[in-house]
Amino acid sequence: MTRGAILKLEGVRKSYAKAQRSVEALRGIDLSIQKGEFLAIVGPSGSGKTTLLNIVGCLDLPSSGSVLYDGRELGGMSETELSVYRKENISFIFQSYNLIPVLTVQENVELPMVIERRYSRSEMKSRAREIISAVGLGDMADRYPRELSGGQEQRVAIARALVKNPIVVLADEPTANLDSRTAEEIMSLMETMNRERQTTFIFSTHDAMVQRHARRVIVLHDGLVSEDRKEAA
Amino acid sequence: MSTVVRIALRNVIRHRRRALITAVTMMVGIGFFIALDSLYNGLDRLSVDDLINFRDSSVKIFSAAYDADRESFPLDKGVPDPASLESWLKRDKRVVAVTPRAQFLAQAGNNRDTTYVIGTAVDPAADPTVFALKNVVSGSYFTPQAGADRQIIIGRELADKLGLTLGDTMVLAASTRFEAQNADDFTIVGLLSTSDPTLNKGTVFITLNAADDFLDLGGLVTEMDVRLRPRVNLSDTLADSASVAAGVKAAFPTLAPYSFQDLNKGILTVLKQKRIWGYVMMLFILLIAAVGIVNTVLMSVYERIREVGVLKALGFRGKEVVWMFILEGFFIGCLGSVLGAGLGILINCYSIYVGFPLQKFGSDVGAGFAFWGTLRGEWNPGSILFAVIFGMVIAMIAAAIPARSAARMTATSALRFV
């Protein structure tokens, strides 16, 4: 494994059965990702971006090939082990925010810690409060998602993703539902979090502006990496 | 409060209109279950009350000697010292009234045809305090006018059979206490229409004074009938009856007291079996209400499949997702059950304390169901508790069906769900 790599994919393939025929979404991906990277996966629709994110996020298993987190192979894990690993090490930011509508901002951010059952009540409260302030929503902790704008909802999603200091944050089209100004703010926020916390961010996007923020861009085409380039900081 | 509980509860509140509609469906189901159960018991009670009011009273007391030979109506084996027994009985606060009766076998005729009947001699003053025959007599009850000792009240069907009506003369023939044959004419003053076909078809009533003369009874009575205080619930009525009968037996070993259940074992068994089938029918009402819960939770599940995907992506396990939806069903079930219990209790208050006058439903009688008096419900706390718990449990089971299918989805397919 490459020195310092927290995530390594070797010959990852994924195929789905669709309308009685097999569709190969990934056709042999080799990838090595270092801790603290700010990485964009780009490519046209159907190129395999979301499938790759799902596999990296342990939401799905590859049909063949291996996925190694810190040298640990995920392929041999059971569904439960995978769920536990995901809970402890990986966070998600979704295109449509996917906050739980009946929980307040504070409760949404606390949710990953509640599920992990490793934190005391006071620790959960203080961690959530701290990260909510860090994403600029300190005065909105008691509001419900319906009382927030799209940009504010995505900030909450970022806070929820970061509250447990995960190894990797995966973001599927995180700015797709935002206007350009808000999208710029969200990307700046994610960059700041990446810089300050050394959290690895991997996001899929179509957006050229988002790509400009990335320090590494992986271009997918027909389920294969067609380009892997480092951007100037 | 755990997060699963919080999410479930807040989702119910968030979709309160939908939850309320479902809860109202349950409320109607459970409310009617409780009310129907109460009325069903009330109908059973009415049958029992009919037997108490027209035939058996609350406690019936014979002499042990008479009881041993009761089938042949022995007129020489009466209740010894009925006055002392009556005053002893009246010391019990549960005893409302006591009346003496004498039963005899007779032939009733119209000068052409005759038929065997059971004659009952009654005290016209005391008998209406124990039995309700006076309420179902057309014509008149025994009157103290001249010639009253030759008055007779007969069942309407018996009158029809013999072609007799009010004011006609019935010839009664019977063995006296000393086994001599006697016959006499009686004027029909009343026709009985009760819920008991045996009374309507084969029973005649005369006064004890007339029987003294006609049967040479010399003051003998063959039975003492006791009315006990009214109780709302049948179980209490039966308990009082058994207890008073047991008291008589202990105090007067030469007497043979019969509680209501001693005299009506078969009827009580039939009523019990009827009630079981009644419960089965009423359970269907609750199952229909459960369909509403399935529908509500199903809608909730479909609306929130992406949310399930997020929760699973965050680390929720399948069983936690199932619990979340089951709890939603439970909260709706609680609301429906409590509202249903409230509705049921409200209807019961009316049916128990006001009741439904049966005359309004028609005037036909004699088919085993009384159409006089008032149909009243009965309190049945066990049944109310059962309905409430059943409502909650059925709501949880109903919610579990769609919840399990939601929990089976993988996080990725749930997140992709549109």
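Lettering follows sequence order; numbering is per chain, from 1.
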Can you say whether B:R304 sits under 4.5 Å from chain A via the side chain, the backbone, both, or neither, judging by heavy atoms? neither
Less than 4.5 Å apart, any side-chain heavy atom of [X] and any of [Y]?
X      : Y      : value
B:E307 : A:P101 : yes
A:I100 : B:R6   : no
A:Y144 : B:R14  : no

Give, as side chain, backbone, both or neither, the part of [X] having an atom under 4.5 angstrom from any heavy atom of chain B.
X      : value
A:E110 : neither
A:L111 : side chain
A:I115 : side chain
A:Y97  : neither

In short, A:F92 meets B:A313 closest at the heavy-atom pair CE1-O, 3.6 Å
Between B:R10 and A:T104 the two heavy atoms that sit nearest each other are NH1-N, 4.1 Å
For atom [atom1] of [X], is the number of surrounding heavy atoms from other residues, nucleotides or ligands below 6.0 Å larger than 12?
X      : atom1 : result
B:R404 : CZ    : no
A:R121 : CZ    : yes
A:F38  : CZ    : yes

Sub-3.5 Å donor-acceptor pair from the side chain of A:R86 to the main-chain atoms of B:K312, do we have one? yes
Electrostatic pair A:R117-B:E320, nearest N-O below 4.0 angstrom: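 Here A:R117 pairs with B:E320 in a salt bridge, since their nearest N and O are under 4.0 Å apart.
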CG/B:L314 to CE/A:M113 distance, rounded to the nearest 0.5 angstrom?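 Taking CG in B:L314 and CE in A:M113, the distance rounds to 11.5 Å.
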